[in-house]
Engineer: 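I have a structure here, written as structure tokens, and I will follow up with some questions on it.
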Amino acid sequence: MRRRRRPAPSPLPDSVEPRSLGWRGAILLFLLALAVRVAVARALGSEPLFRAPQLDALEYLRWARLIAGGEFPWPVPPPHGLGYPVFLAGVLRLVDGSLDGARIVQAALGAGTVVLTGVLAARTFGRRAGWAAGALLAVMGPVVLTEVSFLGEGLLLFLLAAAFVVGDVAGGLLLGAAVLVRPTALVALPALIWKRRPAAMARTLLGCLIVIVPVVVRISLANGTFVPVQGYGGLNFHIGNDLSGDGTASRRLGGDWEALQAASPDGRAAAAQDRAWYGRTFAEWRSQPLRAAG
């Protein structure tokens with residue numbers, strides 16, 4: 001007797017779609033993202049503003065070069081978190097100081113972020129959503145440009161995505177590293193520990209503190225007062241919340257930012273200046289509460 005062939009399995013409905021990205025999908029997303037980032041870096045290679053970093057990128061690069069050369073300064077106050085300068089210093093050592101080489105390494109890091117994003121989306125919404133999310137991030141212009149520039153946001157995105165992928169203690173360690181890049185990354189902590197068991201929450205929090213606390217202590221000792229990872233918090237808070245402003249970071253270096261910084265009371269420590277700017281902003285809010293609420 002001839003054996004009957006079993007019917008081919010029907011496609012899985014969305015409700016039971018595989019919740020993993022798949023290694024082939026991960027490789028394709030990585031290669032797509034890397035190709036886009038390398039192409040952008042090469043296309044911008046002849047642009048003067050890209051070849052000669054400015055503003056924040058220039059500060060990061062100077063700090064990283066000092067670290068790569070064996071010095072480890074603790075600025076008073078630190079204009080940025082030290083997470084990205086330390087990372088960039090390691091990359092510069094790896095590529096023998098080549099800026100083009102450093103951009104290629106950062107392009108690969110950005111491609112890794114794309115894969116991690118795809119993994120998270122697949123876990124939550126299914127494999128097709130993971131592919132879609134990864135593909136969209138792979139070609140998102142502002143993200144691509146940031147990741148091949150000497151700015152901390154590319155590293156920040158990678159660390160945050162990795163923290164959510166691994167979770168637990170490792171997730172806390174990665175989140176702590178992200179906070180050292182940008183202190184605002186700490187707002188991701190509630191989402192990272194959401195619906196976790198108390199023991200897992202405690203491990204995640206401990207991992208985060210293990211990374212952050214020693215750095216904050218060292219920075220604070222160097223500055224002679226408590227500094228939460230980086231300085232100028234009060235001044236930047238005033239810029240973003242000044243009732244005469246537009247609510248954005250429109251006051252940049254080279255203009256109003258320096259004018260405001262120069263207006264800080266002379267002879268005060270950085271923390272005291274921060275308190276003065278916070279106080280000035282809150283006083284404006286109290287004097288015009290309806291406008292402040294708007």
Engineer: Say whether, by atom type as modelled, one donor and one acceptor occur between the side chain of Arg37 and the main chain of Ala138 under 3.5 angstrom.
Structural biologist: yes
Engineer: Indicate, with yes or no, if Leu92 and Leu66 share a hydrophobic cluster defined by side-chain heavy-atom contacts under 4.5 Å among Ile, Leu, Val, Met, Phe, Trp and Tyr.
Structural biologist: no
Engineer: Please test Leu189 against Leu205 for side-chain contact (heavy atoms from CB on, under 4.5 Å), starting from the C-alpha separation and ending with a verdict.
Structural biologist: CA-CA 8 Å; Leu189 179 61; Leu205 181 59; 3.9 Å; yes
Engineer: If you apply the rule ring pair (Phe, Tyr, Trp, His ring centres under 6.0 Å), what do you find for Phe282 with Trp285, and how did you get there?
Structural biologist: CA-CA 5 Å; Phe282 292 141; Trp285 289 2; 5.3 Å; yes
Engineer: Please walk me through it: do Val119 and Ser20 pass side-chain contact (heavy atoms from CB on, under 4.5 Å)?
Structural biologist: CA-CA 7 Å; Val119 169; Ser20 66; over 6 Å; no
Engineer: In sequence, state the C-alpha distance, the side-chain angles, and the governing distance for Gln106 and Val91, and then conclude on side-chain contact (heavy atoms from CB on, under 4.5 Å).
Structural biologist: CA-CA 9 Å; Gln106 292 192 173; Val91 172; 5.6 Å; no
Engineer: Do Leu155 and Leu109 come within less than 4.5 Å of each other through their side chains, counting heavy atoms only?
Structural biologist: yes
Engineer: Can you check whether Val139 reaches Val144 side chain to side chain, under 4.5 Å on heavy atoms?
Structural biologist: no
Engineer: Is the side chain of Trp131 donor-acceptor paired with the backbone N or O of Leu21 at a distance under 3.5 Å, no angle test?
Structural biologist: yes
Engineer: Run the ring pair (Phe, Tyr, Trp, His ring centres under 6.0 Å) check on Tyr60 and Phe150 step by step: do they pass?
Structural biologist: CA-CA 7 Å; Tyr60 279 132; Phe150 296 121; 9.6 Å; no
Engineer: Could you walk me through whether Val114 and Phe30 satisfy the side-chain contact (heavy atoms from CB on, under 4.5 Å) test, starting with their C-alpha distance in whole Å, then the side-chain angles of each, then the deciding distance to 0.1 Å, before giving a yes or no?
Structural biologist: CA-CA 7 Å; Val114 168; Phe30 182 87; over 6 Å; no
Engineer: Can you find a heavy atom in the side chain of Trp63 that is under 4.5 Å from one in the side chain of Leu82?
Structural biologist: yes
